[in-house]
Amino acid sequence: MNFFLTTAIDYTNGAPHIGHAYEKVLADAIARYRRLKGDAVFFLTGVDQHGQKVQQSAQKQGVAPAEFVAGITSQFLSLWKTLDIRYDAWAATVDPVHKHCVQAMLQRLWETGHFYKAKQAGYYSVRQEQFLTDKERGPDGEFGPEWGEVVLIEEENYFFKLAGHRQWLLDFIDARSAAGKPFVLPDFRVAELRNAVEKLSGDLCISRPKSRLEWGIELPFDKDFVTYVWFDALSNYVSFAGYDPTPGADNAVFHSRWPALHVIGKDILVPPHGIYWPIMLRACGFSDTEMPTLLVHGWWNIAGSKMSKSQGNIVDPAELVKTFGVAATRYYLLSDIATGRDADFSEERLILRYNTDLANSLGNLLNRSLSMAKRYRGGAVKKSASPLAAFIAEKCAAYCRHMEAFEVHAAIESAWEIIGRCNGYVEETAPWKLAKDPACAEKLDGVLYTLAEALRILSILITPIIPESAEAIRSQLAWEGSVTLAQCEWGLLPDGHSLGDPVPVFPRIESK
RNA sequence: GCCAGGGUAGCUCAGCGGUAGAGCAGGGGACUCAUAAGCCCUUGGUCGGGAGUUCGAUUCUCCCCUCUGGCACCA
């Protein structure tokens, strides 16, 4: 089965923060799970490099936009490497492939009458170089001093007709929900989107005159304009998957991938992904069955409040990895938040979860198991049946169910129930006592094999969460078999298999 | 103002008609294979406030307070 998932593309105007990192880690975990399952995964992520703010920031630094963007982009690329994000394609919007696709899409929609040119009048901040809406007005109804000089200007722009699609979109959203395949996940966000669609009025401005913004993709039908924001950003999901918008084009490769699961933050559900995107696709001729699904995640708050530059509470994920390691960072981001909801970030909590779950529970289980196998049997295990096999199979099934529903935190819990059960099993069977009594030799063999097998299976289950550590565990188990969900079957460790030496995979973080 | 979702143990949250659960933190214990890890037991809550429906409500209904999103509006 083919599985296509994307993340939002990050705006290259500033350094990545923990929110960017969370989204990619979440998507990566889902992608890795589907690979384990045997799906042909196409995982697309990238950066949004055009636009006003980039142009301004570049100007401020006295460099060309392309150069500025390359610098920030490299920060993202290096972070994804650090975090073990394994994507299949990289969407950078300055890419010529993307540019061609966007222009072809614009041309097609222009020719089919989805755009019109109109005069727009409004309050414009010269300093910020943007139109202001009533939202920007202060409590006194005036535009605050942060906007500088505000003038009323008129400007011609191109608009995308949205209003005519309102009823279709409502029906589509309802139909998907009724079919048990909500357009938006978790489904509590469907109501929020529906609400917004109900109130949909007016069209979408899709251009900026070059006199005001040069750093963008030129409209193919009017050289004086570049396209602004959404036709540039959203279309990355199709342009980098091989889509050719030209009517009648052969899109076999693209269609083998599409439709996608878009992993996005709650801030960009309404209106871009929930309204503009499906309408853009429809205008391009996509049918209802060719519409994507949106997986909307929540935010990490810092000490209860939003992360923001002005509050100076931005958490740098690269720094986090440097201090605590990839495993601690990924594990924390995936386990301490319920998909779709918000959570509170704290380093204390990260350390706690790491020490409790990784070092004490899983790490110690591996360490004590290998140590006993080595001490009592020279590292060799004898294949045998286990009283834990059924329990483990049950938890594997629960793990899969949760992963399929993108409830990664719940899947992690299922895996950790196996660890808890194994640690309890060690206490119940007390191998150190069995080892003293030659009559218990067979029983001891059974316990040691059970622990080794459980750890082998666990190493598969945690692969999507902490791939590097999973590999380290397999290496200590000296297991070189393939790593797929099918390998979670009990009893694949051969009779007489020789385990490796115990070395702590998750050294405790000692905090003062 | 409107829509949605919260307010349950010190903390993070689950439960959702029969007077409450988990993990972590706190307290106690037995053990020793292990990263002073693991295991067992345990303290702890008038389930935001009020009214109603019910034999019975944390769980359903209504009102209020409060938090979080989204939308709208105004001088």
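Each chain gets a letter, A, B and so on, in the order the sequences are listed, and its residues count up from 1. Treat the numbers as computed from the prediction; the structure is a model and nothing was measured.
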Novice: Under a cut-off of 3.5 Å for both distances of each Watson-Crick or G-U pair, what dot-bracket string does RNA chain B give, using [ ] for crossing pairs and | for inter-strand pairs?
Specialist: ((((((((.[[[[.).....]]]].((((.........)))).....(((((.......))))))))))))....
Novice: Starting from P on B:rG26, measure out to CG on A:Leu352 and report it in whole angstrom.
Specialist: 10 Å
Novice: Over how many whole Å does the gap from A:Arg349 atom CZ to B:rG10 atom C1' extend?
Specialist: 13 Å
Novice: Test of understanding: with side chain to side chain donor-acceptor pair (under 3.5 Å), list the residues that count as partners of A:Ser414, not counting sequence neighbours.
Specialist: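 With neighbours one apart ignored, the set is A:His402.
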Novice: Can you list the residues that meet the side chain to side chain donor-acceptor pair (under 3.5 Å) rule with A:Thr329, with sequence neighbours excluded?
Specialist: none
Novice: Expressed in whole Å, how much space separates the P atoms belonging to B:rU61 and B:rG17?
Specialist: 12 Å
Novice: Restricting to side chain to side chain contact (heavy atoms under 4.5 Å, CB included), what partner residues turn up for A:Arg375, sequence neighbours left out?
Specialist: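 By the side chain to side chain contact (heavy atoms under 4.5 Å, CB included) rule, A:Arg375 matches no residue at all.
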Novice: Only counting residues at least two apart or in another chain, list the ones meeting side chain to side chain contact (heavy atoms under 4.5 Å, CB included) with A:Lys24.
Specialist: A:Thr7, A:Asp10, A:Thr45, A:Trp80, A:Ile85
Novice: Could you measure the distance from the CD1 atom of A:Ile351 to the CD1 atom of A:Ile509? Nearest 0.5 Å is fine.
Specialist: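 Here the interatomic distance stands at 5.5 Å.
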Novice: Listed by chain and number, what are the side chain to side chain donor-acceptor pair (under 3.5 Å) partners of A:Tyr33, not counting sequence neighbours?
Specialist: A:Glu404
Novice: If the sugar-phosphate is the primed atoms plus P, OP1 and OP2 and the base is the rest, what is the B/S/- string for nucleotides 27-40 of chain B, using protein heavy atoms under 4.0 Å?
Specialist: ----SSBBB-SBS-
Novice: If I pick the C1' atom on B:rC55 and the same atom on B:rG18, what distance separates them, to the nearest angstrom?
Specialist: 10 Å
Novice: For residues 408-429 of chain A, which residue pairs qualify under ring pair (Phe, Tyr, Trp, His ring centres under 6.0 Å), counting only residues two or more places apart or in two chains?
Specialist: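 Sorted pair list: A:Tyr331-A:Trp416.
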Novice: Which pairs, with at least one residue in residues 428-443 of chain A and sequence neighbours excluded, count as a side chain to side chain donor-acceptor pair (under 3.5 Å)?
Specialist: A:Arg421-A:Glu428
Novice: Can you tell me how far P in B:rC47 sits from the matching atom in B:rG29, rounded to whole Å?
Specialist: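 It works out to 34 Å between them.
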Novice: Looking only at atom C1', what distance separates B:rC11 and B:rG45, rounded to whole Å?
Specialist: 14 Å
Novice: Apply the test side-chain hydrogen bond (donor to acceptor under 3.5 Å, both in side chains) to residues A:Tyr228 and A:Asn157: give CA-CA distance (whole Å), side-chain angles for both, the deciding distance (0.1 Å), then the verdict.
Specialist: CA-CA 10 Å; A:Tyr228 190 62; A:Asn157 268 310; over 6 Å; no
Novice: Within the sub-3.5 Å range, which N or O atoms of nucleotides 2-9 of chain B have a protein N or O partner, and how far apart are they?
Specialist:
unit_1: B:rC3; atom_1: O2'; unit_2: A:Asn195; atom_2: ND2; d: 3.0

Novice: Can you name the residues that form a side chain to side chain contact (heavy atoms under 4.5 Å, CB included) with A:Ser369, not counting sequence neighbours?
Specialist: A:Leu365, A:Leu451, A:Leu455
Novice: Does A:Arg401 have any salt bridge (Lys or Arg N to Asp or Glu O under 4.0 Å) partners at least two apart in sequence or in another chain, and if so, which?
Specialist: none
